[in-house]
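What follows is one structure encoded as structure tokens, with my remarks underneath.
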Amino acid sequence: MSIFEVKCPMCKGTLWIDPVTSKVVEHRSAEEKKMGFEEFLNSRKKGVCWDDKFKKAKEEERKRKEQIEQKFRSAKNDSSESSEDSKFRSPLDWD
């Protein structure tokens, strides 16, 4: 039987496995490319984008809370106006 070649999901390396013994015969690590200084700076600039998105989401959440508060106040005012017209009657008084 031949040896199986499998890509390791953890280290992205290559494993050669013997099917008879079910043991790893050889393992080669994936060559990790080292990041240069310019690439590092570019990746840091992309992080600023996340800050902008966070600020935008925070602002939208604040607007949503204001809208909910406004709807709550208007519903509260509407209920107080309608309660003046008809008082709540107890179910025991229905007879």
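Bear in mind the structure is a predicted one, so any value in this text is a computation, not a measurement. Residues: numbered from 1 along the sequence shown.
- Interatomic distance, Arg64 CZ to Gln67 CD, rounded to the nearest 0.5 Å: 8.5 Å.
- Side-chain contact of Ser74 with Asn77: a donor-acceptor pair under 3.5 Å is absent, judged by distance alone.
- Inter-residue side-chain proximity for Trp16 and Arg28 is flagged as met; some heavy-atom pair is nearer than 4.5 Å.
- When the side-chain hydrogen bond (donor to acceptor under 3.5 Å, both in side chains) test is applied to Glu39, no partner is found at least two apart in sequence or on another chain.
- Looking at heavy atoms from C-beta onward, Thr14 lies in side-chain contact with Glu5 at the 4.5 angstrom threshold.
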Exercise for review: Go through the steps for Glu60 and Lys63 under the test salt bridge (charged side-chain N to carboxylate O under 4.0 Å, His left out), then give the verdict.
Suggested key: CA-CA 5 Å; Glu60 288 175 358; Lys63 287 180 183 178; over 6 Å; no

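- Here the straight-line distance linking atom CG of Asp18 with atom CZ of Phe4 works out to 9.5 Å at 0.5 Å rounding.
- Under the side-chain hydrogen bond (donor to acceptor under 3.5 Å, both in side chains) criterion, Ser29 pairs with no residue, sequence neighbours left out.
- When all heavy atoms of Pro19 and Ile3 are compared, the closest pair comes out as CD-CA, 4.2 Å.
- Side chains of Lys58 and Lys55 form no contact here, defined as non-hydrogen atoms less than 4.5 Å apart.
- By the side-chain hydrogen bond (donor to acceptor under 3.5 Å, both in side chains) test, Arg62 pairs with Glu59, Glu66, sequence neighbours left out.
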